[in-house]
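For the numbers below, each heavy atom of this structure counts, side chains included, while hydrogens, waters and symmetry mates do not. Letters A, B, ... are given to chains in the order of the sequence lines, protein chains preceding strands, and every chain is numbered from 1.
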There are 2 protein chains.
Amino acid sequence: MPSKPLPPITMDAVYAAPGYLFRRMQQIAVSIFMEECKAFDLTPVQYAALIAIHTHPGIDATRLSAVIAFDRSTLGSVIERLQSKHFVERKPAPEDKRIKLLYLTKSGAAILREIIPAVERAQARMLAPLKPSERKALMELMTQLVDLNNEVSRVPLRAEDALEHLGKAG
Amino acid sequence: MPSKPLPPITMDAVYAAPGYLFRRMQQIAVSIFMEECKAFDLTPVQYAALIAIHTHPGIDATRLSAVIAFDRSTLGSVIERLQSKHFVERKPAPEDKRIKLLYLTKSGAAILREIIPAVERAQARMLAPLKPSERKALMELMTQLVDLNNEVSRVPLRAEDALEHLGKAG
DNA sequence: GCTAGATCGTCAGTATACTGTCAATCTATA
DNA sequence: TATAGATTGACAGTATACTGACGATCTAGC
């Protein structure tokens, strides 16, 4: 008899795998976000960056990347795009010549206020097919899983630690 | 009194939002996959493509994109990379000059057999922080949600429909 | 048999996402 | 105070991901 009856390879190796479900759901989430927010010409990551800069004015790019769990290398170009749309400005830090501090412009703060209802519609639509109790259960499990897996990917600092030395704007 | 007491904008608008959790979890999932599979130099998408071509030999690129829910435009370069690694070959379809049929090479089939244990380790690690009952609940909710949201993003055909005319290899 | 419309693979363009590297700068220590 | 090591923003390189457009080709309806 065969020593190891290998299971046959089927598409279930893909469809039932957590990795596929996470990729597919991310795809769907971005698609819904872009649909609801197309009037604002902002991507999900740009939105997250605006929220974070609004919450922590004067944050620098490295700490911002930790706060929104976004790769530092890519963040430069994201900030550049926000800057070219005049939603964000960069000022050199007086006490450290390496750092550039990030601030929302007036129109950056304005678009943030305007886009929030659309973002909330998008977030609601992502979970709309589920029953309320299921939505709650899914969000709790995802929050837990993301939290417990937090050290895995390359985010250099945990979000809380990232803000330790940010002066008064914590 | 104010007409509309806007809630203050905090980072919870990001952290508690489904969109953030899906993006972050996708990030973590890819990171774990690459870590477990680094000996094979295959990305998650390339792995899914190999599985699909193995399961449906002679599939064309458009149908493949539907089966693995992957954008048609990008798939060209994915196939190219698989071809340059000699894991996949493309043959012109005799009855339709537009189409190129996809097949695994011997070394493509071999690497698929070899990588599967590593992929299974990766998939297990993604959910490892949860209790078994929670894993099951999360996978059921995610499967349901992806299924019910299936029409949202740009996949041109549902996976089942994509294979209707694929001859005997269904 | 001709042609309007659909489909195929491909390309250009934009935006993530990651690894690795670099010069400029800062900091802690000897 | 000289300097080794760490940090910062920037860049090159690779790989997704999507929109929109294109020529080649196929198919239906006439």
Nucleotide C:dC8, atom P - distance to CG of B:L102 in whole Å: 13 Å

Donor-acceptor pair, side chain of B:R23 and main chain of A:A29, under 3.5 angstrom: no

State, with a plain yes or no, whether a side-chain heavy atom of B:M142 is found less than 4.5 Å away from one of B:F22. yes

If we check side-chain contact (heavy atoms from CB on, under 4.5 Å) with B:L102, which of these qualifies: B:L64, B:L82, B:D60? B:L64

What is the distance from atom OG of A:S84 to atom NE2 of A:H86, rounded to the nearest 0.5 Å? 7.0 Å

Residue-phosphate contact under 4.0 Å: A:T62 side-chain N/O, D:dT7 OP1/OP2: no

Side chain A:R90, main chain A:K100, donor-acceptor under 3.5 Å: no

Whole angstrom value for the distance that separates C1' of C:dA17 from CZ of B:R24: 12 Å

What's the CG-P distance between B:D71 and C:dA12, to the nearest Å? 16 Å

Counting only side-chain nitrogens and oxygens, does A:Q27 get under 4.0 Å of the OP1 or OP2 atom of D:dC18? yes

With no hydrogens and no angle check, do the side chains of A:N150 and B:R24 hold a donor and an acceptor under 3.5 Å apart? yes

Atom CD1 of A:I51 and atom NE2 of A:H56: how far apart are they, to the nearest 0.5 Å? 10.5 Å

Relative orientation of the end axes in the helix from C:dG1-D:dC30 to C:dA30-D:dT1, expressed as an angle to the nearest 10° (five pairs per end): 10°

Whether B:S73 contacts D:dG20 is assessed here as follows: a side-chain N or O lying under 4.0 Å from the phosphate OP1 or OP2. Is that the case? no

Using only side-chain N and O atoms of A:Q26, determine if any of them is under 4.0 Å from OP1 or OP2 of C:dA17. yes

Evaluate the side-chain proximity of A:K136 to A:E140: yes if any heavy-atom separation is below 4.5 Å, no if none is. yes

Sugar-phosphate only, base, or nothing, as touched by B:V78 at under 4.0 Å among non-hydrogen atoms: sugar-phosphate

Within the side chain of A:S31, is there an N or O that forms a donor-acceptor pair under 3.5 Å with the backbone of A:Q27? no

For the pair made of CG in A:L75 and P in D:dT8, what is the distance, rounded to whole Å? 13 Å

Taking CD from A:E35 and P from D:dC18, how many angstroms apart are they, rounded to a whole number? 13 Å

B:D60 side-chain proximity, nearest of D:dA10, D:dA17, C:dG9: C:dG9

Using atom NZ of B:K38 as one end and atom C1' of C:dG20 as the other, report the distance to the nearest whole Å. 16 Å

Taking 4.0 Å as the cut-off, does a side-chain nitrogen or oxygen of A:Q46 come that near to OP1 or OP2 on C:dT16? yes

Positions of residues 79-101 of chain B (non-hydrogen atom under 4.0 Å from DNA chain C), listed by number: B:R90, B:R98, B:I99, B:K100

In this structure, how many angstroms lie between the P atom of D:dA15 and the CG atom of B:L42, rounded? 11 Å

Round to a whole Å and report the spacing from CD1 of A:I68 to C1' of C:dC18. 15 Å

Using a 4.0 Å heavy-atom cut-off across all strands, classify B:T43 as base, sugar-phosphate, or nothing. sugar-phosphate

Checking A:R72 side chain against A:T62 main chain: does a donor-acceptor pair fall under 3.5 Å? no

